[in-house]
Amino acid sequence: MFALVDCNNFYASCEKLFRPDLRDTPVIVLSNNDGCVVARSKEAKALGIKMGVPVHHIQSEIRQHGIQVFSSNYTLYGDMSRHVMVTLEALAPRVDVYSIDEAFLDITGVNRVVALGGFGQQVKSTVVRNTGLPVCVGIASTRTLAKLANYAAKKYRATDGVVDLSKTDRQRRLMALVPVDEVWGVGRKISVKLQAVGITTALDLADADPATLRKRFSVVLERTMSELNGVACLPWEDVPQPKKQIMCSRSFGTVVKTLSGLFEAVANFAVRAAEKLRAGEQCAGAVMVFVRTNPFRSELPQYSNSASVKLITPTQDSRVIVHQVLSLLKPMFRDGYDYAKAGVMLGDLVSQVHYQEDLFSIEPSGKNERSDRLMSVMDEINRHSGVKVHSARQAGPAAHKMRRKHLSPAYTTDWRHLPTVR
DNA sequence: TCTGGGGTCCTAGGACCC
DNA sequence: TCTGGGGTCCTAGGACCC
């Protein structure tokens, strides 16, 4: 039995938590670079602000209704997420953190002690007591049904934020009401195709013919169908799986026109990606770089390109990755374009302890020792000190800095930003 | 003026092997 | 007229998730 715990309007709730003056005010949170709306408080939703709209399309609504706007503050959200997850880990024997604002709990056997609905209420009130953040709880025998239960808990006020979908008749009654595109795993494209063949509700999908689904769509949708029928196809991830790729990319706050500007930006991305790599105790066997102009400015000349290289020996050394990235970038650069975005992707990731060395290397084994020590010293300094050490390639005025005009303080992670009560 | 960033999985098709 | 049968590996592209 699964309980899916999902925070309500997570980013917006984190912002409101430290601004009690905004309790009843509509709040929205923007994507990186202050681009699109990625979270809305319930008041903002009630005003009809849609998920994903560019903020410059809704300037008049923002003024008219006094909507409070925040830039993304991932330092705050990440820390608040950790508080929520720690709370959940005390409430269930197994917790699978699925994303920054939701987790699946293993609650098998809980019903022998308390009613599942009551347990859900207990989870909800404990999280709000420990963190101040509101959550909804969906309970069912498969992940997909638990997701559906959570959807209902959020949508229908009468549920008081908890839905127990362990009984088949309740499952079927709910599924008959839920549009098929609200099912976990059914996105925009597939829902259009499904509706064309008369499958419009979750129940239609649950009752569809498995062989036909597999043939016309894929085994993925067939699994979703089975999950809706209470057959669990998505097992517990007992150990967190190692990453398969690491990406670091950003749109630039202002356009970049020069090769040296792009160099600086991608060197930064390379270093950040390498830090993530070392944090996960992995090495990368392949490096990819991409650049592009702004596709929304169709009146301007457009250009996008990418290049990649396989490394003979996997590495986690920032200097090697920066060097590779810059050699890839150079031949890709074309003069006369306004570059709007670039990124670095590391692939063919392997564990830092088990990987294939180069048979023909003239270096003795253990040659990484100096590199390892340098990287760990850099990581240590950058983790604990305000003074950052970095590659010379990253230096210079950060023309590609993000726009974050409405950034809130780092209330919980920086002593200088501690809230004060007067 | 202004449109995010980071992932995973599956499938089809091509190249290759015996 | 007529050209096998059984595999593996890799990549690009498409779909999905938050």
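In what follows, chains carry the letters A, B, and so on, assigned in the order in which the sequence lines appear, proteins first and then strands, with residues in each chain numbered from 1.
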Check whether the side chains of [X] and [Y] place a donor and an acceptor atom closer than 3.5 Å, and report yes or no.
X        : Y        : value
A:Asn73  : A:Ser408 : yes
A:Ser99  : A:Glu102 : yes
A:Ser71  : A:Asp34  : yes
A:Lys45  : A:Asn9   : yes
A:Asp204 : A:Thr200 : yes
A:Thr293 : A:Gln302 : yes

Test of understanding: with salt bridge (charged side-chain N to carboxylate O under 4.0 Å, His left out), list the residues that count as partners of [X], not counting sequence neighbours.
X        : value
A:Asp21  : A:Arg19
A:Lys215 : none
A:Asp348 : A:Lys310
A:Arg223 : none

Parallel, tilted or perpendicular: ring planes of A:Trp184 versus A:Phe104, cut at 30 and 60 degrees: tilted
Partners meeting side-chain contact (heavy atoms from CB on, under 4.5 Å) with A:Met345 (sequence neighbours left out): A:Gln245, A:Met247, A:Met288
For residues 314-328 of chain A, dump all side-chain donor-acceptor pairs below 3.5 Å to protein atoms at least two apart in sequence or in another chain.
residue, atom, partner, partner atom, Å
A:Thr315, OG1, A:Asp317, N, 3.0
A:Gln316, NE2, A:Gln282, O, 3.0
A:Gln316, NE2, A:Gln352, OE1, 3.0
A:Asp317, OD1, A:Arg319, N, 2.7
A:Asp317, OD1, A:Arg319, NE, 3.1
A:Asp317, OD2, A:Arg319, NE, 3.3
A:Asp317, OD2, A:Arg319, NH2, 2.7
A:Asp317, OD2, A:Ser371, OG, 2.8
A:Ser318, OG, A:Arg278, NH1, 2.9
A:Ser318, OG, A:Arg278, NH2, 3.4
A:Ser327, OG, A:His323, O, 2.6

Using nucleotides 10-14 of chain B, report all nitrogen or oxygen pairs with the protein that are shorter than 3.5 Å.
residue, atom, partner, partner atom, Å
B:dC10, OP1, A:Arg223, NH2, 2.6

Within residues 276-288 of chain A, residues whose heavy atoms come under 4.0 Å of DNA chain C: none
5′-ward residue of the pair A:Met51/A:Lys244 relative to DNA chain B: A:Met51
Residue whose nearest DNA chain B nucleotide is more 5′ - A:Val38 or A:Met247: A:Val38
Residues in contact with DNA chain B, drawn from residues 132-151 of chain A - heavy-atom cutoff 4.0 Å: none
Residues from residues 176-198 of chain A lying under 4.0 Å of DNA chain B - heavy atoms: none
Heavy atoms under 4.0 Å, any strand shown: does [X] hit a base, just sugar-phosphate, or nothing?
X        : value
A:Leu30  : nothing
A:Gln245 : base
A:Asp101 : sugar-phosphate

Shortest side-chain distance from A:Tyr98, nucleotide among C:dC18, B:dC2, B:dG7: C:dC18
Nearest listed nucleotide, side chain of A:Ser251, among C:dC17, B:dG6, B:dG4: B:dG4
Structure string for DNA chain C in dot-bracket form, Watson-Crick and G-U at under 3.5 Å, | interchain: ....||||||||||||||
Which residues share a side chain to side chain donor-acceptor pair (under 3.5 Å) with A:Ser81, sequence neighbours left out: none
Carboxylate-amine/guanidinium proximity below 4.0 Å for A:Arg63 and A:Glu61: no
